Amino acid sequence: MMTVIGLTGGIASGKSTVSNLLRTHGFVIVDADLASRQAVAKGSEGLRQVAAVFGPEAVIAGEMNRSYVGQQVFRDASKRLALNAIIHPIVRDIMEEEKNQALSDGRDVIMDIPLLYENKLEDTVDEVWVVYIPEELQLIRLMARNNMTEESALARISSQLSIEEKKKRADVVIDNSGTMEQLERRLEEVVTEYYKSH
Ligand SMILES: CC(C)(COP(=O)(O)OP(=O)(O)OC[C@H]1O[C@@H](n2cnc3c(N)ncnc32)[C@H](O)[C@@H]1O)[C@@H](O)C(=O)NCCC(=O)NCCS
Ligand SMILES: Nc1ncnc2c1ncn2[C@@H]1O[C@H](COP(=O)(O)OP(=O)(O)OP(=O)(O)O)[C@@H](O)[C@H]1O
């Protein structure tokens, strides 16, 4: 019986970094951020709906204007809900198909879902792994990666359930507050433990 692991954490806690390392350990990664880009691809029905709700500035050269839409949704919860209502059902269909394909190939799957707890998706996976860093470090890494002001970074962080709450609910916690080498060692432990118990 193959296993479906939900991988989550806070924004900029290191989910993509962890996913990339877990891929080298043989897991198939199904990535919600990637699916959410497909959901509003050029010419898609998803993008048409985004333009209908957010106006013509939401599209630039046929693509979603991510910076404009991001500015809208991270400072206004009702706009965020409107965007989620368009994108999330499409994302779910894309991810479900990728997951089923991997399972039918006999592979263990990691579903990388930033909003797993926020969207109450715990029951759609067998276990949840949380990539954890304290909020102060989340702020530092997010500002550095996105070249973002403290205000914008805090708006993004506070649009999600707190990282401490996610940590409390996790089946496995992957602490990523140290170096990349420390993260790689922690993942070796997690994967060894995983194969012992499955
Ligand atoms: C708001 C958008 C346009 C911003 O695009 P941008 O390129 O700046 O960011 P990116 O897509 O790389 O997302 C970065 C991170 O932001 C966080 N985030 C994204 N959307 C949301 C949201 N609706 N609510 C809370 N956090 C979110 C996640 O941690 C995500 O990993 C984009 O994130 C989007 O279309 N979001 C809606 C779809 C969604 O919920 N995606 C997240 C998982 S499905
Ligand atoms: N152990 C580490 N030491 C230093 N920097 C790190 C470490 N792990 C990740 N980073 C950096 O922190 C930033 C966030 O990591 P990453 O993009 O993997 O997070 P994420 O959780 O996937 O983000 P998002 O929620 O936005 O999708 C990146 O710039 C990454 O290079």
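As the structure lists them, so they are numbered: ligands from 1, and atoms in each ligand from 1. Model, not experiment: these values are computed from the prediction.
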Inset, instruction - Tell me, please, which residues at least two apart from E193 pass salt bridge (Lys or Arg N to Asp or Glu O under 4.0 Å). - result: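 Partners of E193 by the salt bridge (Lys or Arg N to Asp or Glu O under 4.0 Å) criterion, ordered by chain and then number, come out as K196.
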
Inset, instruction - Under the salt bridge (Lys or Arg N to Asp or Glu O under 4.0 Å) rule, collect the residues that match up with K167, sequence neighbours excluded. - result: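 Counting only residues at least two positions away or on another chain, K167 forms no salt bridge (Lys or Arg N to Asp or Glu O under 4.0 Å).
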
Pairing donors with acceptors under 3.5 angstrom, does anything connect the side chains of [X] and [Y]?
X	Y	value
S19	D112	yes
Q101	D105	yes
Y117	E165	no

Inset, instruction - Report the relative orientation of the aromatic rings in F27 and W129; use parallel for angles under 30°, tilted for 30 to 60°, perpendicular for over 60°. - result: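 Ring orientation, 0 to 90° scale: perpendicular.
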
Which pair of non-hydrogen atoms, one from [X] and one from [Y], has the smallest distance, and what is that distance?
X	Y	result
A39	I87	CB-CG2, 4.0 Å
V59	A51	CG2-CB, 3.8 Å
A35	M95	CB-CG, 4.0 Å

One line per pair, note the atom names and distance for all nitrogen or oxygen contacts under 3.5 Å between ligand 2 and the protein.
| from | atom 1 | to | atom 2 | distance (Å) |
| --- | --- | --- | --- | --- |
| ligand 2 | 1 (N) | N176 | OD1 | 2.8 |
| ligand 2 | 1 (N) | G178 | O | 3.1 |
| ligand 2 | 3 (N) | R141 | NH2 | 3.3 |
| ligand 2 | 8 (N) | N176 | ND2 | 3.0 |
| ligand 2 | 17 (O) | R145 | NH1 | 2.9 |
| ligand 2 | 18 (O) | S16 | N | 3.4 |
| ligand 2 | 18 (O) | T17 | N | 2.9 |
| ligand 2 | 18 (O) | T17 | OG1 | 2.6 |
| ligand 2 | 19 (O) | G14 | N | 3.1 |
| ligand 2 | 21 (O) | S13 | N | 3.3 |
| ligand 2 | 21 (O) | G14 | N | 2.9 |
| ligand 2 | 21 (O) | K15 | N | 2.8 |
| ligand 2 | 21 (O) | K15 | NZ | 2.7 |
| ligand 2 | 22 (O) | K15 | N | 3.4 |
| ligand 2 | 22 (O) | S16 | N | 2.8 |
| ligand 2 | 22 (O) | S16 | OG | 2.7 |
| ligand 2 | 23 (O) | A12 | N | 3.2 |
| ligand 2 | 23 (O) | R145 | NH1 | 2.9 |
| ligand 2 | 25 (O) | A12 | N | 3.2 |
| ligand 2 | 25 (O) | K15 | NZ | 2.8 |
| ligand 2 | 26 (O) | R145 | NH1 | 3.1 |
| ligand 2 | 26 (O) | R145 | NH2 | 2.7 |
| ligand 2 | 27 (O) | D33 | OD2 | 3.1 |

Does ligand 1 have any N/O atom under 3.5 Å from a protein N/O, and what are those pairs and their distances?
| from | atom 1 | to | atom 2 | distance (Å) |
| --- | --- | --- | --- | --- |
| ligand 1 | 7 (O) | R37 | NH2 | 3.4 |
| ligand 1 | 7 (O) | R66 | NE | 2.9 |
| ligand 1 | 8 (O) | R156 | NH1 | 3.3 |
| ligand 1 | 8 (O) | R156 | NH2 | 3.0 |
| ligand 1 | 11 (O) | R66 | NH2 | 2.8 |
| ligand 1 | 12 (O) | R37 | NH2 | 3.4 |
| ligand 1 | 23 (N) | N84 | OD1 | 2.8 |
| ligand 1 | 26 (N) | Q160 | NE2 | 3.1 |
| ligand 1 | 29 (O) | Q160 | NE2 | 2.8 |
| ligand 1 | 31 (O) | D33 | OD1 | 3.3 |
| ligand 1 | 31 (O) | D33 | OD2 | 2.7 |
| ligand 1 | 40 (O) | H88 | NE2 | 2.6 |

